[in-house]
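Take a look at the structure below.
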Amino acid sequence: MVRFFLFVLFLGCCFAQYQLWAGRASWDRVRELENAVRMQRADNEELRRGNEALAAEYASLASNQDAIEEIARYELNMIKPDEVLFRIETAEEAARKQGAVEAMPNVDAPEIRAGAKPTFAPRRSDLYHAPKDQRAPKARDRRE
């Protein structure tokens with residue numbers, strides 16, 4: 001009987017060692033999870049800084065009319081009545097704009113070759129499913 005308990009105790013120790021070195025809670029898995037948490041915290045910190053910048057910009061736009069005018073002038077090229085806008089474009093800006101136009105695909109005549117792979121992967125969620133109360137009754141229900 002003592003041998004049986006010693007054998008069960010030995011199996012329990014072996015199982016604990018297996019869990020410690022190769023199981024779900026092994027040292028390698030713990031290190032891997034710690035690295036994942038560290039990377040997620042860095043991502044969260046970057047996103048938090050971006051959110052703070054957006055909140056500051058929102059507060060500026062909500063309280064300051066000059067900020068709205070500045071964005072309208074510089075980003076949207078808007079002008080006040082009776083103003084004339086002279087926009088001087090550098091050679092670098094013109095080359096960048098021309099390169100961007102050439103890199104855009106032609107949507108009027110796309111280049112699709114026979115046997116080309118589809119540009120998207122359809123998913124089950126893309127299909128339309130009518131609500132159950134609006135579906136047609138099943139055939140056996142119609143016969144009754």
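Only this structure's heavy atoms are used, side chains among them; waters, hydrogens and symmetry mates stay out.
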Considering non-hydrogen atoms only, spot the tightest contact between Glu57 and Ile71 and give its length. OE2-CD1, 4.0 Å
Would you say that more than 12 heavy atoms from the other residues, nucleotides or ligands in this model lie under 6.0 Å from the CD of Glu45, or not? yes
When you check the gap from the basic side-chain N to the acidic O, do Glu34 and Arg31 get nearer than 4.0 Å? no
CZ of Arg41: more than 12 outside heavy atoms within 6.0 angstrom? no
More than 12 non-hydrogen atoms from neighbouring residues, nucleotides or ligands closer than 6.0 Å to CD on Glu52, yes or no? yes
Please evaluate residues Glu70 and Arg73 with respect to the criterion salt bridge (Lys or Arg N to Asp or Glu O under 4.0 Å), reporting the C-alpha separation (whole Å), side-chain torsions for both, the decisive distance (0.1 Å), and the verdict. CA-CA 5 Å; Glu70 179 183 348; Arg73 284 180 174 273; over 6 Å; no
More than 12 heavy atoms of other residues, nucleotides or ligands under 6.0 Å from CD of Glu92: is that the case? no
Assess, by modelled atom type and distance only, whether the side chains of Arg38 and Asn35 contain a donor and an acceptor separated by less than 3.5 Å. yes
Which value, rounded to the nearest 0.5 Å, describes the distance between Gln40 atom CD and Asn44 atom CG? 4.5 Å
As an exercise, state the distance from CG of Leu6 to CG of Leu11, rounded to the nearest 0.5 Å. 11.0 Å
Close side-chain approach of Phe5 to Met1, heavy-atom, < 4.5 Å: yes
